Amino acid sequence: MKNPQTAVRDELVQTIAALEAELARAEAAGNASIYILLAGDTPLQFVLRDRKPVTAAPCDIHLATRFEKADAEMIAAALPARPDRAIRIADSREAMRGALAQTRARLFAIDHQVNVINWLPSTRQ
């Protein structure tokens with residue numbers, strides 16, 4: 001039986017590999033005008049019918065639906081926003097770079113088990 005932390009680590013390694021592959025593909029394509037929609041920091045994946053978005057659901061960054069800037073702005077303006085999760089557009093490559101950095105930081109924390117409590121001096125009474 002696998003250690004739960006090992007399973008989380010393996011999942012993070014797979015996510016990093018998927019993000020790196022998708023980022024490399026996007027940069028090789030050279031598409032500078034591809035955008036995704038974010039609800040707060042959560043990427044959205046849309047179901048489209050007749051080229052019109054019908055529903056949106058949260059997803060991983062590399063699965064988010066991509067739009068041209070004008071379409072992304074139009075859809076963002078039409079979506080209802082909550083005060084705690086504003087709808088915004090982001091360049092897909094920049095969003096993937098940010099997600100990659102966050103995922104690598106989580107992997108680093110798991111690998112090194114940084115625990116501040118161990119660094120604090122013991123208090124004796």
Side-chain angles (χ1 to χ4, degrees):
M1 186 168 155
K2 266 189 166 177
N3 180 352
Q5 208 157 20
T6 304
V8 170
R9 185 190 185 288
D10 292 345
E11 182 181 330
L12 288 175
V13 169
Q14 290 174 352
T15 302
I16 288 170
L19 283 171
E20 287 173 340
E22 186 65 26
L23 184 59
R25 189 185 68 73
E27 288 179 344
N31 296 335
S33 61
I34 303 298
Y35 294 85
I36 61 171
L37 278 87
L38 302 171
D41 289 333
T42 307
L44 298 174
Q45 185 177 42
F46 290 86
V47 173
L48 301 172
R49 283 200 196 114
D50 299 323
R51 296 182 41 109
K52 294 179 184 174
V54 178
T55 60
C59 66
D60 290 332
I61 190 85
H62 59 284
L63 300 175
T65 308
R66 289 154 176 80
F67 299 99
E68 291 184 2
K69 188 172 185 174
D71 293 337
E73 288 173 343
M74 179 180 61
I75 294 168
L79 288 175
R82 296 186 345 212
D84 60 332
R85 294 176 62 120
I87 303 294
R88 63 185 178 93
I89 65 169
D91 180 88
S92 63
R93 291 180 294 183
E94 290 299 320
M96 279 191 274
R97 284 187 197 106
L100 188 57
Q102 287 178 340
T103 308
R104 284 181 176 154
R106 286 180 58 206
L107 181 61
F108 179 84
I110 286 174
D111 283 345
H112 293 86
Q113 290 299 303
V114 178
N115 190 346
V116 176
I117 295 171
N118 291 335
W119 297 351
L120 296 175
S122 62
T123 56
R124 297 183 188 201
Q125 296 177 343

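Values below: every heavy atom of this structure, side chains too, minus hydrogens, waters and symmetry copies. Nothing here was measured: the structure is a model prediction, and the numbers come from that model.
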Hey, mind stepping through Glu20 and Arg104 against salt bridge (Lys or Arg N to Asp or Glu O under 4.0 Å) and telling me if it holds? CA-CA 11 Å; Glu20 287 173 340; Arg104 284 181 176 154; 2.4 Å; yes

Full working for side chain to side chain contact (heavy atoms under 4.5 Å, CB included) between Gln102 and Asp41: CA-CA 12 Å; Gln102 287 178 340; Asp41 289 333; 5.6 Å; no

Without swapping roles, check the side chain of Asp91 against the backbone of Arg93 for a donor-acceptor pair under 3.5 Å.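 Yes, because the side chain of Asp91 sits within donor-acceptor range (under 3.5 Å) of the backbone of Arg93.
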
Atom pair CD/OG of Glu27 and Ser92 - distance to nearest 0.5 Å: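 It comes to 9.5 Å.
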
Return the CG to CD1 distance between Leu44 and Ile89, rounded to the nearest 0.5 Å.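 Rounded to the nearest 0.5 Å, the CG-CD1 separation comes to 13.0 Å.
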
Tell me which donor-acceptor pairs under 3.5 Å the side chains of residues 66-81 have, and how far apart each pair is, sequence neighbours excluded?
{"from": "Arg66", "atom 1": "NH1", "to": "Ala64", "atom 2": "O", "distance (Å)": "2.8"}
{"from": "Arg66", "atom 1": "NH2", "to": "Glu22", "atom 2": "OE2", "distance (Å)": "3.1"}

Connected hydrophobic set around Leu100, excluding itself, where side chains approach under 4.5 Å: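 Members alongside Leu100: Val8, Leu12, Val13, Ile16, Leu19, Leu23, Ile36, Leu38, Ile61, Met96, Leu107, Ile110.
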
Let me know which of Thr65, Leu37, Thr55 forms a side chain to side chain contact (heavy atoms under 4.5 Å, CB included) with Gln45.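 Of all the options given, the one that passes is Thr65.
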
On a heavy-atom basis, which atom in Ala18 and which in His62 lie closest, and how many Å separate them?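 Nearest heavy atoms, Ala18 then His62: CB-NE2, 4.1 Å.
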
Please check if Tyr35 and Leu48 belong to a single hydrophobic cluster, counting links between Ile, Leu, Val, Met, Phe, Trp and Tyr side chain heavy atoms closer than 4.5 Å.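 Yes, Tyr35 connects to Leu48 through the hydrophobic network.
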
